[in-house]
J.: 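Below are the structure tokens for one structure; questions will follow.
No experiment lies behind these values; they were computed from the predicted model shown. All values below come from the heavy atoms of this structure, side chains included, with hydrogens, waters and symmetry mates left out.
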Amino acid sequence: MERFAVSEYLEGNEIKTIRKKLKMTQTEFAELVHVSVKTIERWESSKKPITGPIVTLVKILNMDTRIAERLKLPQKKYPLRLLYMYKNEICTIIDVDERNRKVEVYNYTNDYIMRAFGKEEHPDFEMYEDFLESRCFPRSRDKMKLILKELDLPFYDPFMIIEKTQGKMAEDLFWIKIVR
């Protein structure tokens with residue numbers, strides 16, 4: 001059996017120390033570790049050993065506090081935001097200014113296959129349009145008018161199709177959440 005250089009438990013002051021090191025409130029830290037604020041309060045005031053996954057997470061955060069910063073969602077830069085998802089995980093955030101044809105991308109995975117634009121860190125508006133179209137049925141699809149009618153759409157528009165289908169493709173676990 002493998003052993004890891006992770007303590008079996010933490011003390012309350014260690015939770016408070018990492019939270020302060022990350023410059024987070026109890027509420028922010030609770031959101032990061034997916035527990036209630038009451039749990040954070042209880043942990044920080046506890047005299048009993050704290051066990052569970054939080055022990056490993058605190059070890060990881062102590063090793064590299066930048067991890068928490070890299071996981072923060074940025075303020076919306078442009079009027080439209082798309083979340084490119086794999087199952088329930090955010091892979092890429094795409095902020096779009098359609099009027100001025102600008103795109104800003106934030107990746108939340110190092111795996112290029114999971115990213116909306118692969119290795120491309122700074123896609124232009126044309127790449128964004130190509131990406132949208134890649135998440136729809138092809139323009140040349142047989143009986144396209146029937147599919148559009150089924151979706152209650154007057155014409156082929158990749159964004160409108162994604163609004164209706166969430167960009168889901170057959171047997172594909174990627175999808176798009178639109179945030180206005």
J.: Quick one: does Lys38's side chain have a donor or acceptor within less than 3.5 Å of a partner on Glu41's backbone?
T.: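 It does not hold such a pair.
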
J.: Taking the inter-plane angle between the rings of Phe174 and Tyr86 on a 0 to 90° scale, is it parallel (under 30°), tilted (30 to 60°) or perpendicular (over 60°)?
T.: tilted

J.: Side-chain donor-acceptor pairs under 3.5 Å in residues 47-55, sequence neighbours left out?
T.:
none

J.: Taking 4.0 angstrom as the limit, do Asp97 and Arg99 come out as a salt bridge?
T.: no

J.: Regarding Asp130 and Arg135, does a basic nitrogen lie under 4.0 Å from an acidic carboxylate oxygen?
T.: no

J.: Are any non-hydrogen side-chain atoms of Ile18 and Leu57 less than 4.5 angstrom apart?
T.: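 Sidechains of Leu57 and Ile18: no contact.
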
J.: Taking Thr92's backbone N and O only, do any of them form a donor-acceptor pair with Asn107's side chain (distance below 3.5 Å, no angle check)?
T.: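 Answer holds: no.
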
J.: Answer yes or no: is there a donor N or O on one side and an acceptor on the other, between the side chain of Glu120 and the main chain of His122, under 3.5 Å?
T.: yes

J.: Say you draw a straight line from CD1 of Ile67 to CG of Leu32; how long is it, rounded to the nearest 0.5 Å?
T.: 10.0 Å

J.: Once ring-ring contact (aromatic ring centres under 6.0 Å, His included) is applied, do any residues pair with Phe137, and if so which ones, sequence neighbours excluded?
T.: Tyr156

J.: Using ring centroids (six-membered ring only for Trp), state whether Phe117 and Tyr84 fall under 6.0 Å.
T.: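 Between Tyr84 and Phe117, the centre distance exceeds or equals 6.0 Å.
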
J.: Report yes if the distance between the aromatic ring centroids of Tyr128 and Phe125 is under 6.0 Å, otherwise no.
T.: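 Here the rings of Phe125 and Tyr128 have centres that are less than 6.0 Å from each other.
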
J.: Transitively linked via ILVMFWY side-chain contacts under 4.5 Å: Ile94 with Met114?
T.: yes

J.: Using the test ring-ring contact (aromatic ring centres under 6.0 Å, His included), find all partners of Phe29 that sit at least two apart in sequence or belong to another chain.
T.: none

J.: Please confirm whether the backbone N or O of Glu126 pairs with a side-chain atom of Asp124, one donor and one acceptor, at under 3.5 Å?
T.: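 Side chain of Asp124 to backbone of Glu126, a donor-acceptor pair under 3.5 Å: yes, one is there.
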
J.: So which atom in Glu163 and which in Ile178 form the shortest heavy-atom distance, rounded to 0.1 Å?
T.: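 Closest pair (atom of Glu163, atom of Ile178, distance): CG-CD1, 3.5 Å.
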
J.: Does Arg19 reach the main-chain N or O of Met24 with its side chain, forming a donor-acceptor pair under 3.5 Å?
T.: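 Yes, Arg19 side chain to Met24 backbone: donor-acceptor pair under 3.5 Å.
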
